[in-house]
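A short write-up of the structure that comes next.
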Amino acid sequence: MPESDGPIIEVRDLVAKYGERTVLDNLSFAVKRGETFVILGGSGCGKSTLLRNLVGLMRPFSGTIAINGEDFTAMSDEERIDIRRRMGMCFQGSALFNSMSVGDNVALPLREHTKLEESTIEIMTKIKLELVGLGGFEDFMPAELSGGMKKRAGLARAMAMDPEIIFYDEPSAGLDPIVAAGLDALIRKMQSTFNLTSVVVTHEMASVNLIADTVCMLHQGRIVAMGAPKELANIAHPFVRQFFERRPEEEGGTDPEAYLRSLTGSG
Amino acid sequence: MEVVLGGIGRVSLNALYASLRVCVLMVDTVTWMLVAPLRGKGLRLRTTVEQFVEFGVHSLPIVALICFLIGAITAMQASYQLARYGATIFIANLVGVGAMRELAPLMTAILITGRSGSAIAAEIGTMKVAEEIDALEVMGLNPTKFLVVPKFLAMLLAVPCVTILAIFIMIFGGFFLSTVVLRLDPMLYIEQTAGALVMKDLVTGLVKSVFFAITICWVGVYRGFQVEGGAEGVGKQTTSSVVTSIFMIIIVDLVFTVFFYFA
């Protein structure tokens, strides 16, 4: 695989639509090798859609996504499989296979994609689980784990094939601050130990300062700000300010007559 | 008027869309089942065997019980008419041919739909809701190869196997009732049954059961992949998979009954 100095992910003029509705409007950005790239935004800003496009679960309406300089969007499903082995993804709800033990979950990519001996796979599974702090949990079923442990197990599974890029979908969603901080530390550790490129989708301001090298802020399908976390704090864009200062949306339409009309549906 | 025409249009479009999706699924399944092993991408045999045990072996007790009872009921109902002509020995013909050509394959298919067709829809639906299907794709594992093919193969083996057993149990049910309750001569009954059945009856039953298996599996899988929006969606599609599947099984049954009548 060609090791280039260019960006590991390069997105150009990406447009994504659900039917008629445009969700992502002409996004262009690049993720540098080895950095932690955080996609930040409110609910419904299109950040999950962007992630689904990046990992290839959705095909974009137009525009290109290049991974390691290869256009991912134009590939056939067969060719994608090769690229996918170099990516890992941590899902919001961990997406562990509930019918398999934690160990089998982590071993699955190895069993399916490699011709390694079963004993080697077992050792590798143990290593990956140790790595995320779940040593000795191989024989547990996913239902027996807590939310934070499930996410850790999901990360171990994503790491199984030693990927170059890891995508995280809302890693701290639904976790208490302590567990969430633990997960942030883990993301950081993975990135520094293995020189991984991480792409993290989140709305959690607290995580951003801890893990991000670059932040890309989305609002209504467009990039409103991009840069290091410190730079972002100085940007004057009203949405960025609102997000950073945690102010609620202005309550519009206090006009009583307009409200009455909207209720009765007349006029 | 507009509402009616619009409704008809929507329903036909939806039906067309559904059949298109099922066709894509069929082609995909067959490709992964037949072509992939040739390219050195093996089938998941262990999972297939596990699924076979679940679909086939575990459904045996209930299928056996129901088929035994249906055989007995058929014999009793037949006797109600045939006794008037003193032709009760023809119960053997009716139960034998009826079980082999029609009742045993149909009852087996309907019971396996209720047990396993719904389970397939629920399993795939739950996996979809929990992003597990997405997880498979991101790992570079094709959901059709990984999930559908083992179920399809298992179903394709399980339904005919269970059907063969169901045929014998149903005939035994008729035999049991006729000899114990109706006091027919056991030897005569067996001879009469053996004389009534020809190879074509068995072929008819088995060909039907193969197509029932295909129907059960694909309806379950299709409904499973259609699940949207949480637990409610899983429940809705699971129910709908059973109803659709039984309807489709009856249609398939009709088509093959007509075909074998003239063939």
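Residue numbering restarts at 1 for every chain, and letters A, B, ... go by the order of the sequence lines. Computed from a predicted model, the values in this text were never measured in an experiment.
Within a 6.0 Å radius of CZ in R12(A), no more than 12 heavy atoms belonging to other residues, nucleotides or ligands are found. Remark: E117(A) CD is loosely packed, at most 12 non-hydrogen atoms of other residues, nucleotides or ligands lying under 6.0 Å away. Heavy atoms of other residues, nucleotides or ligands lying less than 6.0 angstrom from NZ of K32(A) number 12 at most. Other residues, nucleotides and ligands place no more than 12 heavy atoms under 6.0 Å from the CZ atom of F168(B).
Only the side chain of L108(A) comes within contact range of chain B, with heavy atoms under 4.5 Å apart. D82(A) does not touch chain B: none of its heavy atoms, backbone or side chain, sits under 4.5 Å away.
Applying a 4.5 Å heavy-atom cutoff, the residues of residues 132-142 of chain B that approach chain A are E132(B), D134(B), A135(B), L136(B), E137(B), V138(B), M139(B), G140(B), L141(B).
For E144(A), the salt bridge (Lys or Arg N to Asp or Glu O under 4.0 Å) test picks out no residue, with sequence neighbours left out.
In terms of heavy-atom pairs under 4.5 Å with chain B, the best-connected choice from M89(A), Q92(A), H113(A), R85(A) is H113(A). Top candidate by heavy-atom pairs under 4.5 Å with chain B, chosen from I83(A), D169(A), V55(A), L96(A), is L96(A).
A salt bridge is defined here as a Lys NZ or Arg NE, NH1 or NH2 lying under 4.0 Å from an Asp or Glu carboxylate O, and R52(A) with E131(B) fails to meet this definition.
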